[in-house]
Amino acid sequence: MEKIVVRAQAKVNLSLDVLGKREDGYHEMQMVNHSIELQDTLTFESCPKGVTLTSNVQGIPLDEKNLVMIALRKLQKRFDMDKGIKIYLEKRIPHEAGLAGGSSDAAATLKGLNALWNLGLSTEELINIGVTIGADVPYCLLGGTALVEGIGEKITPLSPMKKLYVVVVKPNMNISTPWAFKYLDAYAIKKRPDIPEVIRSLEAEDYIGLSHAMGNVFEPLVIGKYPEIDEIKNDLIHHGAIASIMTGSGPTVIGYYLNKALAENAWKLFSKKYTMCFLSETC
């Protein structure tokens with residue numbers, strides 16, 4: 001095999017709770033995640049020597065700071081190899097948006113190179129490597145709907161979500177995850193999502209119950225600095241969404257729709273104001 005193409009799907013937090021900071025500096029998390037059809041595409045092609053990473057998007061790091069390169073180096077070090085590889089990253093998932101684009105790209109790199117180089121790593125072994133790269137990488141290796149706990153390494157698959165249409169709105173701002181965690185540590189969390197009720201509502205397809213139970217502890221912190229995020233949430237509900245939430249540490253807001261026509265109308269409306277606005281589906 002000389003070439004392989006791997007899709008990297010965006011991740012959405014249907015609920016996100018941070019339970020505390022551990023002695024090792026990592027944060028104990030509890031999340032309900034699901035994948036959406038919005039995705040990046042990575043092409044891996046063998047070459048005689050060297051490593052190159054290119055992309056269709058300007059402004060993202062293409063050096064050792066990129067999680068694709070970090071994942072690659074992890075495998076090179078583990079297997080003491082220096083094979084040549086060309087990687088082309090076609091990005092559609094916005095950068096620093098709370099959609100785990102970088103983590104999903106890293107997961108795709110682990111899966112792609114595992115296949116291209118015939119490394120024979122099991123899913124569990126890939127997860128063990130992934131958790132050393134980032135908290136979202138283990139989940140991104142599996143995808144689907146899942147309860148994610150610990151520092152991202154404890155993943156319990158849940159029943160697949162019913163197909164819902166989602167409008168993805170990223171306002172014109174970037175929020176770094178380290179910044180969000182730094183200020184969350186000093187922030188008094190007053191309301192937490194009801195994770196068991198979120199899971200129950202999903203399984204029962206009770207979207208009224210889901211809308212009341214879901215939540216993201218980063219929301220009050222981020223909305224305090226960027227009130228526009230709350231305005232987007234309210235506008236999505238006003239235009240027919242059954243629920244809306246900020247995903248990850250922000251700033252992207254997701255609106256969930258049962259009706260495709262309503263979702264398309266909302267997407268067209270928000271696209272007039274936001275260049276990074278997408279119509280997608282749960283998967």
Salt bridge present between [X] and [Y] (N-O < 4.0 angstrom):
X      : Y      : result
Glu197 : Arg200 : yes
Arg22  : Asp24  : yes
Lys233 : Glu219 : yes

Would you say the side chains of Tyr139 and Ser35 form a donor-acceptor pair under 3.5 Å?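 Ser35 and Tyr139 do have a side-chain donor-acceptor pair below 3.5 Å.
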
Looking only at the side chains, is there a donor atom on one of Lys3 and Thr43 sitting less than 3.5 Å from an acceptor on the other?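 Result is no, nothing qualifies.
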
Between atom [atom1] of [X] and atom [atom2] of [Y], what is the distance when rounded to the nearest 0.5 Å?
X      : Y      : atom1 : atom2 : value
Leu221 : Ile189 : CG    : CD1   : 9.5 Å
Leu142 : Ile127 : CG    : CD1   : 4.5 Å
Thr252 : Met173 : OG1   : CE    : 10.0 Å
Ser55  : Leu62  : OG    : CG    : 6.0 Å
Lys273 : Asn172 : NZ    : CG    : 11.0 Å
Leu72  : Glu64  : CG    : CD    : 8.0 Å

Donor-acceptor pair, side chain of [X] and main chain of [Y], under 3.5 angstrom:
X      : Y      : answer
Thr282 : Ile36  : no
Ser104 : Gly101 : no
Arg192 : Val18  : yes
Ser244 : Ile237 : no
Asn66  : Pro61  : yes
Asp17  : Leu19  : no
Glu153 : Ile151 : yes
Thr145 : Leu158 : no
Thr52  : Lys86  : no
Asn114 : Leu121 : yes

Side chain to side chain, [X] and [Y], heavy atoms closer than 4.5 Å:
X      : Y      : value
Asn13  : Ile245 : no
Val167 : Phe278 : no
Val166 : Glu281 : no
Leu89  : Thr54  : no
Asp105 : Leu67  : no
Val57  : Arg92  : no
Tyr183 : Lys225 : no

For [X] against [Y], the heavy-atom pair lying closest together:
X      : Y      : answer
Ala180 : Ser249 : CB-CB, 3.5 Å
Phe270 : Asp235 : CZ-CB, 3.6 Å
Pro193 : Leu16  : CG-O, 3.7 Å
Tyr257 : Gly240 : CE2-C, 3.3 Å
Asn174 : Glu96  : CB-OE1, 3.2 Å
Phe44  : Thr109 : CZ-CA, 3.5 Å

Tyr207 vs His212, test: ring pair (Phe, Tyr, Trp, His ring centres under 6.0 Å). Steps then yes/no. CA-CA 9 Å; Tyr207 298 112; His212 291 303; over 10 Å; no

Passing option when Lys91 is tested against Asp40, Asn56, Thr41 for side-chain hydrogen bond (donor to acceptor under 3.5 Å, both in side chains):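 For Lys91, the side-chain hydrogen bond (donor to acceptor under 3.5 Å, both in side chains) check succeeds only for Asp40.
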
Taking side-chain hydrogen bond (donor to acceptor under 3.5 Å, both in side chains) as the definition, give me every residue that meets it alongside Ser271, ordered by chain and number, with sequence neighbours left out.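 side-chain hydrogen bond (donor to acceptor under 3.5 Å, both in side chains) check on Ser271 returns Trp267.
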
Take a 6.0 Å sphere around OH of Tyr26 and say whether it holds more than 12 heavy atoms from other residues, nucleotides or ligands.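 No, OH of Tyr26 has 12 or fewer neighbouring heavy atoms, counting only those of other groups under 6.0 Å.
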
Using the rule that two of Ile, Leu, Val, Met, Phe, Trp, Tyr join whenever any of their side-chain heavy atoms come within less than 4.5 Å, decide whether Met81 and Val51 are in one cluster.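 In one cluster with Met81: Val51, yes.
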
ILVMFWY cluster, Val253 and Ile93 together (side-chain gap under 4.5 Å):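 No, separate clusters.
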
Measure the acute angle between the ring planes of Phe181 and His27, then classify it against the limits of 30° and 60° as parallel, tilted or perpendicular.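 Because their plane-to-plane angle lies in the 30° to 60° range, the rings of Phe181 and His27 count as tilted.
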
